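Below you'll find the structure, written out as structure tokens, and then a few comments.
A quick note: this is a predicted structure, and the numbers were derived from the prediction, not measured.
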Amino acid sequence: MSQKNERIFLSSPHMSGKEQKYIQEAFDLNWIAPLGNNVDGLEQELANYNSIEDAAVVTSGTAAIHLALRLLDVGTEDTVFCSSLTFVASANPILYQGATPVLIDSEMETWNMSPVALERALQEAKENGNLPKAVIVVHLYGQSAKMDELVAICDAYGVPIVEDAAESLGSTYKGKMSGTFGKLGIFSFNGNKIITTSGGGALVSDDVEILKKARFLATQARDPAVHYQHSEIGYNYRMSNIVAGVGRGQLEVLDMRVEQRRAVFNRYYEAFAKVPGIIFQPELEDTMSNRWLTALAIDPKATGVSRDEIIERLAEDNIEARPVWKPMHLQPLFDGVAYYPHEEGKSVSDELFAYGICLPSGSNITVEQQELVIAVINELLNK
Ligand SMILES: *Cc1c(COP(=O)(O)O)cnc(C)c1O
């Protein structure tokens with residue numbers, strides 16, 4: 001099969017050219033282990049960037065969420081609430097701990113956790129004497145959830161928040177960095193995220209002691225003794241010094257990447273915002289989304305074309321587009337798990353999954369490539 005154009009990815013790594021310097025330094029110092037100058041440097045720089053006390057870098061965002069649940073003492077008798085509309089990595093660590101997930105729907109103003117559904121779920125849990133150990137709040141595609149409301153509700157019930165900010169590094173809510181509202185926040189540096197270390201993640205918190213414990217658990221929970229003594233379960237989750245070097249070179253250009261992704265979003269927005277039946281993921285007032293992925297919902301009754309037809313047609317031109325995440329409450333893995341829709345009988349995340357699409361959004365996509373994506377979609381819309 002001949003392809004007219006080079007593949008246009010949903011979101012591909014975009015190097016800054018500043019990474020090699022840090023990697024070379026690690027080689028020069030022979031600090032190739034999961035400790036060293038780049039690990040320390042990246043932790044410091046990440047904490048500074050987010051105006052938070054401390055950061056601990058680890059092997060993945062998933063590992064960071066797992067550590068967060070361990071640090072909050074989540075065990076087999078516990079429940080943990082989690083946004084349903086997300087990538088499976090948000091919820092898998094609940095199962096790693098043998099705990100019971102409870103899934104919470106989205107609302108339409110941010111596509112993130114519905115405060116109304118959360119309140120209902122917490123009220124019921126309280127009545128049953130079964131409040132969750134934590135609430136995992138996801139910031140989908142870079143857009144922050146309604147943190148004022150969610151924090152107020154969780155505070156009222158005394159339940160800590162873990163912010164899954166894997167997709168929202170660089171985003172803000174009322175001027176404060178996404179990921180810094182909860183007891184713990186996590187970021188991901190996976191290959192498809194706004195900046196990447198090829199694979200990696202971080203935990204952030206204002207509680208320096210809890211991150212000390214995180215580093216301890218992430219290095220096999222070794223007791224202070226020369227003879228390798230262990231009193232609790234640990235993990236091999238620390239980031240390598242080479243990988244951290246890539247992260248330092250990437251963090252230098254994060255603000256530029258946010259601008260670039262937002263410019264990509266704006267081009268799509270100009271092209272399709274006025275089409276009846278198309279709505280873009282909103283940017284809540286007083287928030288700034290890094291627009292990691294441009295996400296929109298397409299109502300086929302109004303546009304005459306379905307989300308799936310668009311994805312298939314784009315694929316013919318070697319363009320990668322994806323449906324919005326399939327909600328966790330619809331996943332076979334979470335069969336039978338409790339789910340709280342936004343309103344009784346109205347599940348917002350089901351609708352977003354049915355109609356939602358993510359378009360190629362990488363900071364390295366060219367204007368010509370984006371024009372091709374827009375032209376292919378326009379052709380379908382005008383049929
Ligand atoms: C990417 C992602 C993660 C997991 O990060 P990894 O670094 O790939 O383990 C978790 N949650 C969400 C919402 C993500 O998009």
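A121 and I104 get closest at one heavy-atom pair: CB-CD1, 3.7 Å. In this structure, L150 and A145 approach most closely via the heavy-atom pair CD1-CB, 3.7 Å. When all heavy atoms are compared, the tightest approach of P341 to R120 is O-NH2, 2.5 Å. Considering all non-hydrogen atoms of both residues, P13 and N364 come closest at O-ND2, 3.1 Å. Nearest heavy-atom pair, L85 versus P327, reported as atom, atom and distance to 0.1 Å: CD1-CG, 3.9 Å. The two residues P323 and R307 come nearest to each other via the heavy atoms CB-NH1, 3.3 Å.
Classified by interplanar angle (parallel below 30°, tilted 30° to 60°, perpendicular above 60°), the ring pair F181/Y173 is perpendicular.
Taking hydrophobic clusters as Ile, Leu, Val, Met, Phe, Trp and Tyr residues chained together by side-chain heavy-atom distances below 4.5 Å, V264 shares a cluster with I278. Under the 4.5 Å side-chain heavy-atom criterion for ILVMFWY residues, no single connected hydrophobic cluster contains both V138 and M147. Linking Ile, Leu, Val, Met, Phe, Trp and Tyr whenever their side-chain heavy atoms come within less than 4.5 Å leaves W292 and M256 in two separate clusters.
With side-chain heavy atoms closer than 4.5 Å counting as contact, directly or through intermediates, the hydrophobic cluster containing F353 also holds L330.
Heavy atoms of other residues, nucleotides or ligands lying less than 6.0 angstrom from CD of E77 number 12 at most. No more than 12 heavy-atom neighbours from other residues, nucleotides or ligands sit within 6.0 angstrom of NZ on K18. Atom NZ of K21 has more than 12 neighbouring heavy atoms from other residues, nucleotides or ligands inside a 6.0 Å radius. Dense packing is recorded around CD of E127, with more than 12 heavy atoms of other residues, nucleotides or ligands lying under 6.0 Å away. A 6.0 Å sphere centred on CD of E109 holds no more than 12 heavy atoms belonging to other residues, nucleotides or ligands.
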_Stepwise side-chain contact (heavy atoms from CB on, under 4.5 Å) test for N50 and L169_ = CA-CA 9 Å; N50 288 294; L169 180 61; 4.0 Å; yes
*Kindly determine whether V258 and I194 satisfy side-chain contact (heavy atoms from CB on, under 4.5 Å), including the steps that lead there.*
CA-CA 8 Å; V258 172; I194 191 157; 3.9 Å; yes
*Any chance you could lay out the side-chain hydrogen bond (donor to acceptor under 3.5 Å, both in side chains) test for Y96 and T62, step after step, and finish with the verdict?*
CA-CA 11 Å; Y96 299 168; T62 311; 5.5 Å; no
*Would you sort out whether N128 and E124 count as a side-chain hydrogen bond (donor to acceptor under 3.5 Å, both in side chains), showing the intermediate values?*
CA-CA 6 Å; N128 298 331; E124 262 185 46; 5.0 Å; no
*What do the steps show when you test M328 against T86 for side-chain contact (heavy atoms from CB on, under 4.5 Å), and what is the final call?*
CA-CA 7 Å; M328 293 305 110; T86 185; 4.1 Å; yes
*Could you give me the CA-CA distance, side-chain angles and deciding distance for R261 and S11, then say whether side-chain hydrogen bond (donor to acceptor under 3.5 Å, both in side chains) is met?*
CA-CA 10 Å; R261 298 239 177 196; S11 177; 3.1 Å; yes
*Please lay out, stage by stage, how H14 and Q250 fare under the test side-chain hydrogen bond (donor to acceptor under 3.5 Å, both in side chains).*
CA-CA 9 Å; H14 188 183; Q250 288 271 289; over 6 Å; no
*Would you check, one step at a time, whether the test side-chain contact (heavy atoms from CB on, under 4.5 Å) holds for L118 with C154?*
CA-CA 9 Å; L118 175 66; C154 286; 4.0 Å; yes
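With S144 contributing its side chain and S178 its backbone, the two residues share no donor-acceptor pair below 3.5 Å. Within the 3.5 Å criterion, the main-chain N or O of N190 finds a donor-acceptor partner in the side chain of T196. Put simply, the side chain of H230 gets close to the backbone of A221: a donor and an acceptor are under 3.5 Å apart. A donor-acceptor pair is defined here as one N or O able to donate and one able to accept, closer than 3.5 Å; no such pair exists between the side chain of R222 and the backbone of Q229. The backbone N or O of T287 sits nowhere less than 3.5 Å from a side-chain atom of T172 that would complete a donor-acceptor pair. In this structure, D164 contributes its side chain and I136 its backbone to no donor-acceptor pair below 3.5 Å. Here the side chain of D299 pairs a donor or acceptor atom with the backbone of K301 at under 3.5 angstrom. No donor-acceptor pair closer than 3.5 Å links the side chain of E19 to the backbone N or O of V246. Within the 3.5 Å criterion, the main-chain N or O of P360 finds a donor-acceptor partner in the side chain of Y268. Not one N or O on the side chain of N241 forms a donor-acceptor pair closer than 3.5 Å with the backbone of I32.
In this structure, OG1 on T110 lies 6.5 Å from CG on L284, to the nearest 0.5 angstrom. With values rounded to the nearest 0.5 angstrom, E167 atom CD is found 9.0 Å from F87 atom CZ. Rounding to the nearest 0.5 angstrom, the gap separating the CG atom in D73 from the CG atom in D78 is 7.0 Å. Here R215 contributes atom CZ and I210 contributes atom CD1; the two are 12.0 Å apart, rounded to the nearest 0.5 Å. Atom CD1 of residue I298 and atom CG of residue L380 lie 9.5 Å apart, to the nearest 0.5 angstrom.
N38 has its side chain out of reach of I242: every pair of non-hydrogen atoms, C-beta onward, lies at least 4.5 Å apart. Residues L72 and K133 form no side-chain contact, since every pair of their non-hydrogen atoms from C-beta on lies 4.5 Å or further apart. Within the 4.5 Å cutoff, the side chain of P132 has heavy atoms near those of the L122 side chain. When side chains are defined from C-beta on, T180 does not count as touching S51, because their heavy atoms never get closer than 4.5 Å. Between L217 and E232, some side-chain heavy-atom pair lies under the 4.5 Å cut-off. Counting heavy atoms from C-beta on, the side chains of L359 and L314 come closer than 4.5 Å. K346 places none of its side-chain heavy atoms less than 4.5 Å from the side chain of D105. Using a 4.5 Å heavy-atom threshold, the side chains of M108 and L352 count as touching.
Side-chain contact of H66 with N92: a donor-acceptor pair under 3.5 Å is absent, judged by distance alone. Side-chain contact annotation: E119 with Y340, donor-acceptor N/O pair under 3.5 Å absent. Under 3.5 Å, the side chains of Y141 and S361 contain no donor-acceptor pair of N or O atoms. Side-chain N/O atoms of S83 and N112 include no donor and acceptor closer than 3.5 Å.
The pair E209-K212 meets the salt-bridge criterion, with a side-chain N (NZ, NE, NH1 or NH2) lying under 4.0 Å from an Asp/Glu carboxylate O. Classification of E283 and R262 as a salt-bridged pair holds, one side-chain N sitting under 4.0 Å from a carboxylate O. In summary, E43 and R238 engage in a salt bridge, as defined by a charged side-chain N under 4.0 Å from a carboxylate O.
Residues passing the ring pair (Phe, Tyr, Trp, His ring centres under 6.0 Å) test with Y269 are F265, F280, sequence neighbours excluded.
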